[in-house]
K.L.:
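If you scroll down you'll find the structure; I have some questions about it.
The chains referred to below are lettered A, B, ... by the order of the sequence lines, with proteins before strands, and numbering in each begins at 1.
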Amino acid sequence: GDSVTQTEGLVTLTKGLPVMLNCTYQTTYSPFLFWYVQHLNEAPKLLLKSSTDNKRTEHQGFYATLHKSSSSFHLQKSSVQLSDSALYFCALLSSGSWQLIFGSGTQLTVMP
Amino acid sequence: EAAVTQSPRNKVTVTGGNVTLSCRQTNSHNYMYWYRQDTGHGLRLIHYSYGAGNLQIGDVPDGYKATRTTQEDFFLLLELASPSQTSLYFCASSDRDNANTGQLYFGEGSKLTVL
């Protein structure tokens, strides 16, 4: 069945450093990938969504590229800020089921 | 911005208790969902609905019932609550087009504790 894997449960970085949060997926259908962000005591919100294969998408300083060859959609930012501390979910919308499947999430903590 | 409201925000009950979580969306969305969030498991889909009177089973439906009474209202029912159902529950909605693009609008969450 369809699945999403986020390998890092916790990532701690100092402000100003780059970050990459890993996301890989499995599906036999055409994949649509998303990143959701959830700040403490808030609801998850859509951060960005995939475009065509090998095309980068960007939003609020974050960017990600769908690579079908490696089944990946890693989230990156060149310089993290304190306000980026949050829980990040990768999600797969399978064209077979048209339901979102979420990864287990990565907690990003940015230190001063 | 889509508005999804959940109640209660916090609920404590005992094993075997009866709990109803309510969700209302005011954006005329067709699709509504109930997820539970647990550390290490992310968000898991319990039930969802395409419209009033419709109900679909999600990935972790055991122990849960749901009912969509109107386009706006979606309820999650736990008739015999168990400690394993202690969790943070999120309701979400999306319109017909956004359901195909993954744009979900989440409520603020309902924290349920089963003692």
K.L.:
Could you give the distance from CG (B/Leu43) to OH (A/Tyr36), rounded to the nearest 0.5 Å?
P.N.:
10.0 Å

K.L.:
Quick one: CG on A/Asn41 to NZ on B/Lys111, what's the gap to the nearest 0.5 Å?
P.N.:
9.0 Å

K.L.:
Around atom CE of A/Met20, are there more than 12 heavy atoms of other residues, nucleotides or ligands at under 6.0 Å?
P.N.:
yes

K.L.:
Determine whether more than 12 heavy atoms belonging to other residues, nucleotides or ligands lie under 6.0 Å from atom CZ of B/Arg24.
P.N.:
no

K.L.:
Mind listing the closest non-hydrogen atom pair of B/Gly40 and A/Ser104 along with its distance?
P.N.:
O-CB, 3.4 Å

K.L.:
Given a strict heavy-atom distance threshold of 4.5 Å, which part of A/Leu33 is in contact with chain B: side chain, backbone, both, or neither?
P.N.:
neither

K.L.:
Can you tell me which of A/Gly103, A/Pro44, A/Ala43 forms the most heavy-atom pairs within a distance under 4.5 Å of chain B?
P.N.:
A/Pro44

K.L.:
Does one hydrophobic cluster hold both A/Leu13 and A/Trp35, with members joined at side-chain heavy-atom distances below 4.5 Å?
P.N.:
yes

K.L.:
Please report the closest heavy-atom contact between A/Leu87 and B/Gln37, naming both atoms and the distance.
P.N.:
CD2-NE2, 3.4 Å

K.L.:
Around B/Leu88, counting heavy atoms of other residues, nucleotides and ligands shown, do more than 12 lie under 6.0 Å from its CG?
P.N.:
yes

K.L.:
Measuring heavy-atom distances to chain B, does A/Gln6 have an atom under 4.5 Å in its side chain, in its backbone, in both, or in neither?
P.N.:
neither

K.L.:
Do B/Phe74 and B/Leu45 sit in the same hydrophobic cluster, where Ile, Leu, Val, Met, Phe, Trp and Tyr count as joined when their side-chain heavy atoms come under 4.5 Å apart?
P.N.:
no

K.L.:
Establish, from distance only, whether the side-chain atoms of B/Gln56 and A/Gln99 form a donor-acceptor pair under 3.5 Å.
P.N.:
no

K.L.:
Please say yes or no: joined through hydrophobic side-chain contacts below 4.5 Å, possibly via intermediate residues, are B/Leu77 and B/Trp34 part of one cluster?
P.N.:
no

K.L.:
Of all the heavy-atom pairs spanning A/Gln38 and B/Phe90, show the shortest one and how long it is.
P.N.:
NE2-CZ, 3.2 Å

K.L.:
Measuring from atom CG of A/Leu100 to atom OG of B/Ser94, what distance do you get when rounded to the nearest 0.5 angstrom?
P.N.:
8.5 Å

K.L.:
Using a cut-off of 6.0 Å, state whether more than 12 heavy atoms not belonging to A/Glu58 lie near its atom CD.
P.N.:
yes

